[in-house]
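First the structure, in the form of structure tokens, and then the observations on it.
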Amino acid sequence: MGTILKRSLARSRGQIIGWGLSLGLLAAYLCALFDTMAAQASEYQRLIASIPAQFMAFFGPKADMFSAVGYLNMGFFSYMPIVAGIYAILAGSGLLASDEEAGTLDLLLAHPLRRGALLIGRVLGFVIALGGILALAWVGFAVTVPNTQLGVTAWQIALPMVCVWALLFFYGMLALFLAMILPSRSAAASAVGLGIVVDYFVNSWKAINPDLEPLARFLPLHYFQEAGALDGLDLGMLSVLVGAGLVLMLYAWWRFEERDIRVAGEGGWRLPGLGRRATPR
């Protein structure tokens with residue numbers, strides 16, 4: 001399993017650097033911009049007052065861009081589920097399915113390697129890669145926050161980063177599980193992507209329409225603290241995301257142990273009336 005983990009991290013090296021540096025630069029720019037915006041607070045407040053409430057709902061029910069929580073939510077954490085979720089979906093869905101569709105997974109398993117060890121090694125690589133990306137993003141905050149008037153420390157910003165990691169872990173494990181039951185990696189990634197968008201809109205609009213609150217409680221973004229974690233982590237909400245991700249990983253493990261490995265290409269739905277299984281390429 002150690003070899004699998006090392007290989008997984010080697011394959012993720014470019015993604016860690018690319019995603020991490022991009023998010024780190026965004027974080028640094030965001031912090032550097034705060035003092036300039038705060039100096040013109042009255043003008044921005046008039047502008048914000050003219051923005052429809054339906055739009056402001058996407059940044060939280062009481063978005064205040066001149067507080068640390070409100071500003072960091074509006075500029076970074078509110079859209080991390082969508083932006084960084086892209087990486088989690090693609091990486092999670094491809095942990096096993098990418099090799100299977102390329103025709104190399106059956107060759108890999110022909111060696112004295114247990115399926116469970118392969119899956120755990122790949123998942124650990126994914127978890128560490130997520131941590132590396134978010135650590136580089138945090139460095140962008142850590143370098144610039146002390147020179148601003150945001151009034152928070154770099155260590156405080158590490159707390160919402162943990163929440164981002166937990167949410168992305170859930171997304172990745174959901175994509176992994178769906179890749180084990182749907183006919184292709186692309187189908188799994190599309191399903192999770194659609195789910196994230198629906199989740200994002202439901203949790204944003206519940207501030208406008210309280211009737212959506214019961215539905216939002218069943219969706220992962222309800223348990224994402226965003227920049228609210230600056231004042232302390234809610235371990236209960238965090239454990240829901242991590243626990244649900246672990247359950248999905250176990251289901252994916254069970255499905256991986258039970259299913260046949262395709263020689264190559266995408267599979268079929270294996271349901272009556274939904275088409276035949278694709279012929280291996």
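Position 1 is the first residue of the sequence; numbering continues from there.
Counting only heavy atoms from C-beta outward, the side chains of Y171 and P220 approach each other to under 4.5 Å. At least one side-chain heavy atom of I89 sits under 4.5 Å from a side-chain heavy atom of I196. For the pair F169/L241, no side-chain contact is recorded, criterion being any heavy-atom separation below 4.5 Å from C-beta on. With contacts defined as side-chain heavy-atom distances shorter than 4.5 Å, the pair L96/L118 qualifies. A 4.5 Å side-chain heavy-atom check between V197 and Y200 finds every atom pair outside the cut-off. In this structure, L72 and L30 have side chains that are in contact, with non-hydrogen atoms separated by less than 4.5 Å. Side-chain contact between R217 and K206 is absent, with no heavy-atom pair separated by less than 4.5 Å. Under the 4.5 Å side-chain criterion, counting only non-hydrogen atoms from C-beta, I86 is in contact with L90.
Remark: L113 CG to T3 OG1 distance equals 9.0 Å, nearest 0.5 Å. The distance from atom CZ of F76 to atom CG of L23, rounded to the nearest 0.5 Å, is 5.0 Å. F256 CZ to R259 CZ: the interatomic distance, rounded to the nearest 0.5 Å, is 7.5 Å. Interatomic distance, CD of E226 versus SG of C163, reported as 9.5 Å (0.5 Å rounding). The CG atom of L105 sits 4.5 Å away from atom CD1 of I261, with the distance rounded to the nearest 0.5 Å. Rounding to the nearest 0.5 Å gives a distance of 4.5 Å between CG of L233 and CG of L159.
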Using side-chain contact (heavy atoms from CB on, under 4.5 Å), reason through M80 and M161 one step at a time and then give a plain yes or no.
CA-CA 10 Å; M80 277 301 103; M161 284 295 186; over 6 Å; no
Is there a salt bridge (charged side-chain N to carboxylate O under 4.0 Å, His left out) between E258 and R115? Walk through the geometry before answering.
CA-CA 10 Å; E258 296 293 325; R115 292 192 183 192; over 6 Å; no
Step-by-step side-chain contact (heavy atoms from CB on, under 4.5 Å) determination, M180 to W253:
CA-CA 9 Å; M180 294 295 98; W253 187 347; over 6 Å; no
side-chain contact (heavy atoms from CB on, under 4.5 Å) between I4 and L124, worked out
CA-CA 9 Å; I4 296 297; L124 286 176; over 6 Å; no
Check the pair V240, F170 against side-chain contact (heavy atoms from CB on, under 4.5 Å), reporting the backbone distance first and the verdict last.
CA-CA 10 Å; V240 168; F170 172 84; over 6 Å; no
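Summarising the geometry of A216 relative to N203, their closest heavy-atom pair is CB-OD1, 3.7 Å, with the distance given to 0.1 Å. Contact detail for G94 and S98: the closest heavy-atom pair is O-OG, 2.5 Å. Pairing each heavy atom of F126 with each of G172, the nearest pair is CZ-CA, 3.6 Å.
A donor-acceptor pair under 3.5 Å is absent between the side-chain atoms of Y87 and the main chain of V83, judged by distance alone. Within the 3.5 Å criterion, the main-chain N or O of A97 finds no donor-acceptor partner in the side chain of R185. Panel note: side chain Q225, backbone D234; a donor-acceptor pair is recorded below 3.5 Å. Side chain of E213 to backbone of P210: no donor-acceptor contact under 3.5 angstrom is found. One N or O on the side chain of D35 and one on the backbone of Q149 form a donor-acceptor pair closer than 3.5 Å. The main-chain N or O of A179 is never found under 3.5 Å from a side-chain atom of S93 such that the two would form a donor-acceptor pair. Here the side chain of T148 pairs a donor or acceptor atom with the backbone of V145 at under 3.5 angstrom. Side chain of D199 to main chain of L221: a donor-acceptor pair is present (N/O by atom type, distance under 3.5 Å, no hydrogens or angles). In this structure, the side chain of Y223 does not engage the main chain of S239 through any donor-acceptor pair within 3.5 Å.
L134 and V162 end up in different hydrophobic clusters when Ile, Leu, Val, Met, Phe, Trp and Tyr side chains are linked at under 4.5 Å. There is a path of hydrophobic side-chain contacts, each under 4.5 Å, that joins L130 to L5. Hydrophobic clustering of Ile, Leu, Val, Met, Phe, Trp and Tyr side chains at less than 4.5 Å, counting indirect connections, keeps F218 apart from V242. By the criterion of side-chain heavy atoms lying less than 4.5 angstrom apart, applied directly or through intervening Ile, Leu, Val, Met, Phe, Trp or Tyr residues, M249 is grouped together with V247 in one hydrophobic cluster. One hydrophobic cluster, built from ILVMFWY side chains closer than 4.5 Å, holds both L250 and W254.
Look at E257 and R114 and you find no salt bridge, because none of the NZ, NE, NH1 or NH2 atoms lies under 4.0 Å from a carboxylate O.
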Return a table of donor-acceptor pairs under 3.5 angstrom between the side chains of residues 9-19 and protein atoms on other chains or two or more places apart.
| residue | atom | partner | partner atom | Å |
| --- | --- | --- | --- | --- |
| R11 | NH1 | D99 | OD1 | 3.4 |
| S12 | OG | S8 | O | 3.0 |

What side-chain donor-acceptor pairs closer than 3.5 Å can you find for residues 136-144, not counting sequence neighbours?
| residue | atom | partner | partner atom | Å |
| --- | --- | --- | --- | --- |
| W138 | NE1 | A154 | O | 2.7 |
| T144 | OG1 | G140 | O | 2.9 |
| T144 | OG1 | F141 | O | 3.4 |

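Contacts of W165 classified as side-chain hydrogen bond (donor to acceptor under 3.5 Å, both in side chains), with partners at least two apart in sequence or in another chain: none.
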